[in-house]
Amino acid sequence: MRLPERQLAVLEAASATDERTIDAVAAETGLKPETVTGAAFDLRDEGLLAVSETTTEVAELTDEGRDYVDDGLPETRLYRAAADVGAADGAVPMGEAIGSADLAGPEVDIALANLPRKGFGRIDSGELAVDPDADPDADPESAALEALADGEGVDDVAVLDRLASRGLVDLAERTTRTVRLTDAGVDALMEGVEAAETVSQVTPELLASGEWADVEFAEYNVEADAPAVEGGRKHVLRRTADRVKDVLVGMGFREMEGPHADSDFWINDCLFMPQDHPARTHWDRFALDVDPMDDIPPALLERVESAHRDGWGEDGDGYHSPWSEAFAREVALRGHTTSLSMRYLSGYAGAELEPPQRYFSVEKVYRNDTLDPTHLLEFFQIEGWVMAEDLSVRDLMGTFEEFYRQFGITDIRFKPHYNPYTEPSFELFGDHPETGEEIEIGNSGIFREEVTGPLGVNCDVMAWGLALERLAMLTTGAEDIRDLHGTLADIDFLRNAEVSY
Amino acid sequence: MPVVDVDPDALRGLTGHTEKTDEEFKTDLFGLGLEFEGETDDGELQFEFAPDRLDRLSVEGVARSLRYHYGDDRGVYVPETNDAEWTIEVEESVPDERPYVTGAVVRGVDLDESALESLIQLQEKLHATMGRGRAKGAIGIHDLAMVKGAPLREGAERSITYRGVDPDGETFVPLDSNDELTPAEVLEEHDTGRTYADIVTGYDRYPAIYDELGLFSFPPVINGKRTEVDTESRELLVELTGTDQWTIDKMCTIVCYALSARGATIEAVEVAYADGATHPAEYGPDLVRPNLEVDEKSVSHDRIETLLGVEFDPEDVVDCLERSGLDASYTLGEATTYEVEIPPYRVDVLHPLDLVDDVGRAYGFDELEPRYPDAGTVGGRHERTRLEDAVRTSLVGLGFEDLLNFHMTSREENYDRMRIEPGTGGTAVASDDGSGDGPGVFGGGDPVEITEPYSEEYTQLRTWALPSLLLLLEGNTHNAYPQDVAEIGFVAERDERENTNVAESRHVAGAVARRDASYEAVKGRLQAVCDDFGAELETPRTEHPTFIDGRTARVVVDGESVGVIGEVHPAVLVEHDLEVPVAVFEFDLDALR
């Protein structure tokens with residue numbers, strides 16, 4: 001019979017008549033106890049060894065317990081000190097006894113609680129009297145501490161429990177395994193067992209020579225943790241963006257692309273945002289210190305201005321707000337990617353579009369908001385639109401239900417809303433998957449004719465937008481947007497964020 | 001979004017629904033788009049709503065909407081107006097910046113504390129919204145009993161005058177003060193004056209309203225104390241000045257509707273613009289105000305049906321419109337069209353489409369059955385983002401942690417801490433650099449700066465991505481190394497050849513931060529990326545202040561200088577509190593196309 005070397009050693013160290021502990025076998029063989037345990041179980045599986053387990057309660061002194069072994073229990077020290085100042089003959093002021101006992105901080109309370117309990121004395125009206133007949137030397141708690149300190153066992157469970165509740169000993173269960181040779185084990189040894197050669201690594205030489213057939217491979221602790229490996233990973237928010245793009249492409253949407261720095265014309269004027277709208281003021285936008293945009297198609301500019309001033313169509317009123325071409329030409333960071341939609345719908349970004357069309361983007365926008373768990377100065381906006389003849393609110397609802405269903409949000413609600421650029425408009429609400437709280441997950445609507453008309457679009461366009469970070473929070477359950485995005489990101493957070501797909 | 005404070009007892013009184021509980025009101029108002037936000041200290045309910053129905057900025061308007069909602073009222077309501085006794089004379093001297101005025105007289109007012117508070121709230125909320133912080137329109141409300149108005153022209157019984165005055169001319173006692181102050185002094189010494197000073201400080205002459213006793217209102221800043229309104233006031237003079245006649249007329253109308261709902265009687269005023277004064281072109285120089293004219297728009301049956309996706313009986317459409325406080329008539333035919341009348345307090349109906357929205361709300365958008373539009377289109381990604389994604393995949397495969405950093409940064413981060421200067425590289429020197437040595441200092445392009453930035457940390461767009469990577473490494477010195485990080489991200493610099501005057505591009509940047517980081521380590525990775533995309537990489541030696549001399553090179557891909565690679569200079573490392581070597585590369589993504 002051939003056995004791996006370590007198993008053979010254990011087998012030889014075991015006795016057919018006595019139970020031997022793992023530690024004893026380890027000491028004899030020079031193997032680590034865990035190696036012996038592993039080998040013993042393997043030998044048991046072969047039927048060569050019997051393994052038994054016994055569980056015993058072991059008590060170990062805590063640091064505090066160990067201190068009292070040296071110094072004596074506080075109540076004992078108080079008893080002796082009090083006796084020295086005459087408390088055995090009659091009550092003495094407590095302060096006097098405590099002072100001479102040299103007790104530190106919490107030891108005072110400990111002594112005062114335990115002294116009467118053990119019948120060493122009485123405390124009454126701030127005075128202490130001790131019983132001259134009490135014998136602290138016979139105190140079972142002190143004795144148990146001494147015994148544990150000497151490595152002896154203590155059988156009195158009540159005393160151990162008391163010491164444990166005082167925090168002086170820790171009680172723990174310990175499993176002791178013992179081994180004994182089985183009859184088969186004895187037979188095997190009688191017949192002779194050889195050690196198999198063990199190797200640690202499969203090598204090219206071993207494979208080429210064919211020696212691999214005759215060797216045993218050293219065993220690993222396959223349950224042990226391995227050193228960490230840090231691979232690269234795609235950013236958690238990018239993965240969410242990828243997922244969104246997949247869904248939208250699957251629904252027939254094409255991706256848009258365009259400038260981050262754009263004229264207010266494309267960002268806001270085309271969108272029928274009045275020039276004195278609060279969102280267009282200094283405080284909300286990031287104006288850039290560059291020259292105004294020269295090249296805006298003049299006919300388009302004129303139509304947009306006219307929609308603002310006089311409205312669009314026979315019964316259109318327009319705004320009663322100032323409109324200046326100079327403002328329209330100013331360049332700023334886009335506050336929404338709807339600027340891209342305007343460029344595409346007008347045909348400026350490429351070909352004139354004929355219905356039906358679906359377009360989307362998942363791109364960065366810039367807003368001068370207050371940074372908080374749900375707002376960043378820069379974030380990603382998911383933007384999408386559908387252009388077709390005679391689109392209705394029902395089509396809008398059907399499209400968004402389908403989109404959100406892909407992310408497990410099946411109960412979206414449409415709350416009528418107001419936007420300067422869409423009518424009707426709806427805020428979209430859904431339930432947070434973790435908290436169940438109702439949260440806003442998008443804003444949508446059908447572009448007003450004051451938007452589509454000047455762009456030269458003669459059919460309906462429905463559009464919606466939402467923050468990617470908002471969707472990521474919904475689908476990952478994250479609660480602070482700043483964990484997800486920015487230079488303050490924690491690299492450990494990025495490495496440990498759960499992969500979504 | 002605007003928030004309106006509503007006294008629930010007043011709401012019960014004004015709607016006539018004394019049986020309604022606060023909770024029932026909250027539910028009913030949610031149906032109208034007013035969301036309960038909380039309670040004020042005095043137990044008023046606060047509701048937030050979208051800024052279209054500005055006629056709901058007070059409890060009176062909210063009550064009116066509820067009465068339509070409950071079916072208590074139908075169709076258009078316009079309060080009766082008595083003939084004018086007062087005239088507002090507009091002098092040629094009014095400031096050019098604020099030429100327009102309007103107003104109304106309100107009699108039989110009985111204001112308790114709650115009603116007065118509501119009126120003041122309405123005034124303030126209108127200032128904040130339509131009035132654009134009083135710049136576009138401001139409301140002054142006065143106790144008419146304290147206004148003395150001798151007639152100033154034939155036919156007029158009583159008059160006040162809107163004129164422009166010398167800022168340091170006459171004095172008056174403003175509200176919340178006991179001192180006689182000139183308008184200029186009000187702007188300096190009075191709290192309210194300081195708050196609104198910005199609106200008028202550029203004017204040569206300040207707006208002022210006079211009666212026969214003198215100046216009693218300094219719009220849009222503050223009223224005089226003499227005409228202060230309190231709960232004893234029984235007759236009010238409402239005056240509004242602003243930059244747009246339509247806007248102040250609408251604000252005036254909303255105030256008149258609110259006071260009328262409290263049982264007051266509206267009396268017209270005449271507004272007479274003098275010959276030399278700017279008057280509103282669309283209305284002429286002589287106006288009778290408030291303007292309670294009903295607007296009309298027509299909307300086709302077909303448009304309502306296609307937009308809502310529902311087939312309607314015309315009577316049902318009329319019913320929906322009347323329940324929205326509108327009136328409608330129609331004639332059946334090939335193209336049935338509704339003539340819709342819109343009450344003057346509505347400021348949100350700019351187009352017939354807005355009426356379809358009202359029909360939808362009255363019908364109930366919840367009733368609509370979603371359907372997926374039957375329009376086939378072909379989807380696809382943009383080439384640029386596909387390339388970006390493919391390069392990202394390569395970088396991740398090489399062990400780089402993918403980053404997503406902000407595009408806005410500061411001059412300090414972008415240049416100073418990297419030891420480079422603006423205007424030393426990028427397109428700024430590429431065009432006229434005859435040395436054949438590439439585009440100057442990589443990353444040293446001209447910054448695109450934010451006009452009047454609000455934070456020192458975000459003053460410009462980044463011209464390169466490496467500063468962001470180093471900033472991230474700086475913030476992660478407590479975490480384990482190696483830290484190999486990369487980003488494919490947006491960068492921008494000034495470039496007058498672009499239509500936007502901003503050149504935008506994407507850079508690929510990678511950093512290896514670890515004990516054994518070296519030029520060779522990072523070049524090996526760069527080489528692997530270039531190989532993936534069949535691009536030929538050369539790294540001719542160069543100098544760059546961010547890097548160690550002799551350990552830095554230009555990244556030349558397919559013969560074009562597109563980036564930089566090297567070991568980061570110890571001075572830059574120390575500046576970023578880094579205690580390990582860092583080797584990096586950065587180049588233009590387009591080089592891999």
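Each chain gets a letter, A, B and so on, in the order the sequences are listed, and its residues count up from 1.
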Neighbour count above 12 (heavy atom, 6.0 Å) for B:Arg411 CZ: no
Option in A:Val331, A:Leu391, A:Asp291 with maximal non-hydrogen atom pairs under 4.5 Å from chain B: A:Asp291
Toward chain A, the part of B:Asn479 with a non-hydrogen atom under 4.5 Å: side chain
Heavy-atom pairs under 4.5 Å with chain B, option from A:Gly313, A:Pro416, A:Pro356 with the top count: A:Pro416
Looking only at side chains, do A:Ser321 and B:Lys136 share a donor and an acceptor under 3.5 Å apart? yes
Hey, which of A:Tyr319, A:Phe447, A:Tyr421 is the one that makes ring-ring contact (aromatic ring centres under 6.0 Å, His included) with A:Phe272? A:Tyr319
I'd like to know which of A:Leu377, A:Asp262, A:Leu248 tops the heavy-atom pair count under 4.5 Å against chain B. A:Leu377
With chain A, the option among B:Leu398, B:Asn499, B:Asn501 that has the most non-hydrogen atom pairs under 4.5 Å is B:Asn499
Under-4.0 Å salt bridge between A:Arg280 and A:Asp276: no
Please say which of A:Asp460, A:Thr399, A:Leu396 ends up in a side chain to side chain contact (heavy atoms under 4.5 Å, CB included) with B:Pro373. A:Thr399
Aromatic plane relationship, A:Phe414 with A:Phe426 - under 30° parallel, 30 to 60° tilted, over 60° perpendicular: perpendicular
A:Lys245 and A:Glu255: salt bridge (Lys or Arg N to Asp or Glu O under 4.0 Å), yes or no, with the steps? CA-CA 8 Å; A:Lys245 291 181 181 188; A:Glu255 191 173 22; 3.1 Å; yes
Report which part of B:Phe490 has an atom under 4.5 Å of a heavy atom belonging to chain A: side chain, backbone, both, or neither. side chain
So for B:Val485, is it side chain, backbone, both, or neither that comes closer than 4.5 Å to the heavy atoms of chain A? side chain
Heavy-atom cut-off 4.5 Å, strictly under: side chain, backbone, both or neither for B:Asp374 against chain A? neither
B:Pro280: partners by side-chain contact (heavy atoms from CB on, under 4.5 Å), with sequence neighbours left out: B:Tyr100, B:Gln245, B:Tyr273, B:Glu282, B:Tyr283, B:Leu287
Do you know which of B:His478, B:Arg53, B:Arg303, B:Glu487 has the most heavy-atom pairs with chain A at a distance under 4.5 angstrom? B:Arg303
Pair count under 4.5 Å, heavy atoms only, with chain A: among B:Gly33, B:Gly309, B:Ala50, highest is B:Gly309
Checking A:Phe403 now: which residues fulfil ring pair (Phe, Tyr, Trp, His ring centres under 6.0 Å) with it, not counting sequence neighbours? A:Phe407, A:Trp464
Chain A: which of B:Glu452, B:His407, B:Lys250, B:Glu474 shares the most heavy-atom pairs with it under 4.5 Å? B:His407
Need one label for A:Ile491: side chain, backbone, both or neither, based on atoms under 4.5 Å from any heavy atom in chain B. both
Between B:Phe365 and chain A, which part of the residue has a heavy atom less than 4.5 Å away: side chain, backbone, both or neither? both
For the residue pair A:Lys415 and A:Phe429, establish whether any side-chain heavy-atom pair is separated by less than 4.5 Å. yes
For a 4.5 angstrom cut-off between non-hydrogen side-chain atoms, does B:Tyr338 reach B:Leu355? no
Under 4.5 Å, counting heavy-atom pairs only, tell me which of B:Ile450, B:Val299, B:Thr451, B:Asp484 racks up the most with chain A. B:Thr451
I'd like to verify something: which residue of A:Glu230, A:Glu401, A:Glu449 has the highest number of heavy-atom pairs under 4.5 Å with chain B? A:Glu449
Tell me, yes or no, whether the heavy-atom count around A:Asn496 atom CG, taken from other residues, nucleotides or ligands under 6.0 Å, exceeds 12. yes
So which of B:Leu395, B:Thr409, B:Asp389 has the largest heavy-atom pair count under 4.5 angstrom toward chain A? B:Asp389
Chain A heavy atoms under 4.5 Å from B:Ala480: which part of the residue, side chain, backbone, both or neither? backbone
So which of A:Pro322, A:Ala287, A:Gly318, A:Gly231 has the largest heavy-atom pair count under 4.5 angstrom toward chain B? A:Ala287
Residue, of A:Arg413, A:Glu427, A:Arg448, that accumulates the most heavy atom pairs under 4.5 Å with chain B: A:Arg448
Sort B:Glu496 into side chain, backbone, both or neither according to what part of it lies under 4.5 angstrom from a heavy atom of chain A. side chain
Could you tell me which portion of B:Val356 (side chain, backbone, both or neither) has an atom closer than 4.5 angstrom to a non-hydrogen atom of chain A? neither
